[in-house]
Protein chains: 2
Amino acid sequence: MPEAQSPTRKRIVDAATRLFYAEGIGRVSVDAVAEEAGLTKRTLYYHFKSKDDLVAAYLDGRDQPNLKRMAGWFDAAEGGADRKVEAIFTNLARAARHPKWKGCGFLRTAAELASMPGHPAIKVGSRHKSNFETWLAGALSNHGVEEPQAVAREIVLLIDGCFSIMLIHRNPDYIEAAGRAAATLVRARISSGKA
Amino acid sequence: MPEAQSPTRKRIVDAATRLFYAEGIGRVSVDAVAEEAGLTKRTLYYHFKSKDDLVAAYLDGRDQPNLKRMAGWFDAAEGGADRKVEAIFTNLARAARHPKWKGCGFLRTAAELASMPGHPAIKVGSRHKSNFETWLAGALSNHGVEEPQAVAREIVLLIDGCFSIMLIHRNPDYIEAAGRAAATLVRARISSGKA
DNA sequence: CTAAGTATACCGACTAGTGAGTATACACAA
DNA sequence: TTGTGTATACTCACTAGTCGGTATACTTAG
């Protein structure tokens, strides 16, 4: 049985991450992942029992880095909660201008697997999005925002809206617009604000 | 040369619509579409020059029906612009509970084709989303909403956020939450309101 | 009015290549 | 000498797209 933390396994997941994010799950073969990792398909199948398993591992590996990046943007921004939230969108817009940017790997995978709701990769995605929503609600609460769960959920919807619509229009103006909307929704709940 | 409005062509597009929406572009073979349409692959290729061509035709056929459905929900709702916008989300939540609901075909296709930004199907999707945004801005303007373009864009972001997040969580509560956020954003621009 | 020609619309069988996953063998460390 | 990790070399199902051919209907020359 393969070791959970073997360096070979990590090499495979790193290769899968590059290819799956760049091309999408369905457009990348297991052969291609093995080649990118510099080993054979048989070795890959020694470490992962199926392609689905590998896909789930790919997303699992993106959970913490994505979360930390968002939290870093929030924490680094100056001003109140509204400005900190807006900073997430501003930074997202900057990232989205990079030619290699292809949206959110979790959402794109969920879209590809929409006909298989119980797929392990979708469960990983669901957990990641919940982690983010929970973190954001806590951060908002710490900065004096009322109804932090509700606001966090609204911001999550706007962020995922950006991810989707960017794949269609490739126009970062939508992200800026979402940032302004998010700031409006936060301000509606700062101090004595009412929705 | 095949006729643009031939009934056979329509049968093929209808079959493609059922299968592509249910399973996703990449998971449906041209053979499967031909079989669903009750004819051979050779005939399908008589009417469409490639699978990509067929995918674009599938989305093109969804543009007007989708638009009309949204407009119908908006028009049928009682109350001001905020209530009419919220009705779109309420109806969307109801539709999303149906077991065959798989999100937005335009967004799911864009997600699958994220590595091919110039793909004809993505252009069709971009046109559709723009059509919707334009219609919504006009409808908001007719109902006394200030900055209708900006509000329409925010609502588009929330709707597409619903479509995405639903594929992850399968929980219509997110759609209700988006509807409340959309209503808040509309009310911020009704009569003398300021964002 | 008819026969030859032509365009439309269709099909069965095929190709060349790719897909996920596997049977078997070998190297090497404990 | 036993078990871990790697490789070569497969299987077999499936994929987009094509080849050659046919049935039908419309056009037009004689």
Side-chain angles (χ1 to χ4, degrees), chain A residues 1-59 108-109 112-113 115-116 118-122, chain B residues 1-59 108-109 112-113 115-116 118-122:
Chain A
M1 207 189 299
E3 229 180 294
Q5 287 307 337
S6 101
T8 304
R9 187 190 151 100
K10 182 175 182 325
R11 256 171 67 208
I12 297 169
V13 172
D14 288 349
T17 299
R18 288 191 293 276
L19 297 183
F20 285 155
Y21 182 74
E23 303 289 331
I25 306 301
R27 306 181 83 86
V28 172
S29 68
V30 175
D31 294 83
V33 174
E35 191 184 339
E36 172 83 10
L39 36 76
T40 65
K41 185 159 59 164
R42 191 64 190 82
T43 299
L44 190 154
Y45 274 99
Y46 177 77
H47 290 274
F48 298 90
K49 73 177 219 296
S50 66
K51 186 181 183 181
D52 287 343
D53 195 27
L54 177 59
V55 172
Y58 144 56
L59 288 185
R108 279 173 54 214
T109 303
E112 280 198 61
L113 303 177
S115 61
M116 315 164 76
H119 192 288
I122 294 190
Chain B
M1 204 190 304
E3 230 180 293
Q5 286 307 336
S6 98
T8 304
R9 188 190 151 98
K10 183 178 182 321
R11 256 171 68 208
I12 296 169
V13 173
D14 288 350
T17 299
R18 287 191 293 276
L19 296 184
F20 285 156
Y21 181 74
E23 303 289 331
I25 305 302
R27 307 182 83 85
V28 172
S29 68
V30 176
D31 293 85
V33 174
E35 192 185 339
E36 173 81 13
L39 35 76
T40 65
K41 185 160 59 163
R42 191 66 190 83
T43 299
L44 190 153
Y45 273 99
Y46 176 75
H47 289 274
F48 298 91
K49 75 177 219 297
S50 66
K51 185 182 181 181
D52 288 343
D53 196 28
L54 177 58
V55 172
Y58 144 56
L59 288 185
R108 280 172 53 212
T109 303
E112 279 197 62
L113 303 178
S115 61
M116 315 165 77
H119 193 289
I122 294 191

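Order of the sequence lines fixes the chain letters, A, B, ..., with proteins taken first and strands second; residue numbering starts at 1 for each chain.
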Residue pairs involving residues 16-29 of chain B (criterion salt bridge (Lys or Arg N to Asp or Glu O under 4.0 Å); sequence neighbours excluded):
B:Arg18-B:Glu36
Holding to side chain to side chain contact (heavy atoms under 4.5 Å, CB included), I want the full list of residues that pass it with B:Ala121, two or more places apart in sequence or in another chain.
B:Val55, B:Leu59, B:Thr109, B:Leu113, B:His119
Any chance you could list the contact pattern along nucleotides 17-30 of chain C? Use B for base contacts, S for sugar-phosphate-only contacts and - for none, protein heavy atoms under 4.0 Å, 5' to 3'.
--SBBBBB------
On the nucleotide C:dC11, are OP1 or OP2 found under 4.0 Å from the side-chain N or O atoms that B:Thr40 carries?
yes
Counterpart residues, side chain to side chain donor-acceptor pair (under 3.5 Å), relative to A:Thr40 (two or more places apart)
A:Thr43
Provide, to the nearest angstrom, the distance between the CG atom belonging to A:Leu39 and the P atom belonging to D:dT8.
11 Å
Look at the side-chain N and O atoms of B:His47 and state whether any lies under 4.0 Å from the OP1 or OP2 oxygen of C:dC10.
yes
To the closest 0.5 Å, what do you measure between CG (A:Leu19) and CD1 (A:Ile25)?
10.5 Å
Separation of C:dA9 atom C1' from B:Lys10 atom NZ, nearest Å, is 19 Å
Tell me the ring pair (Phe, Tyr, Trp, His ring centres under 6.0 Å) pairs involving residues 2-31 of chain B, sequence neighbours left out?
B:Phe20-B:Tyr58
D:dT4 P sits how many Å from A:Arg9 CZ, rounded?
17 Å
For B:Lys51, which residues count as a side chain to side chain donor-acceptor pair (under 3.5 Å) partner, sequence neighbours excluded?
none
Taking the side chain as everything from C-beta on, heavy atoms only, tell me whether A:Leu44 gets closer than 4.5 Å to A:Leu54.
yes
Separation of atom CG in B:Leu44 from atom C1' in D:dT15, rounded to whole Å:
14 Å
If the condition is side chain to side chain donor-acceptor pair (under 3.5 Å), which residues does B:Asp53 pass it with, not counting sequence neighbours?
none
Does A:Thr43 have a side-chain nitrogen or oxygen under 4.0 Å from the phosphate oxygens OP1 or OP2 of D:dG5?
no
Could you tell me how far apart B:Glu35 (CD) and C:dG12 (P) are, to the nearest whole angstrom?
12 Å
At 4.0 Å (heavy atoms only), tell me whether B:Thr8 reaches a base, stays on the sugar-phosphate, or touches nothing.
sugar-phosphate
Angle between the two end axes of the helix from C:dC1-D:dG30 to C:dA30-D:dT1, five base pairs per end, rounded to 10 degrees?
10°
Using the side chain to side chain donor-acceptor pair (under 3.5 Å) criterion, which residues pair with B:His47? Sequence neighbours excluded.
none
Between A:Tyr46 and D:dT6, does any side-chain N or O lie under 4.0 Å from OP1 or OP2?
no
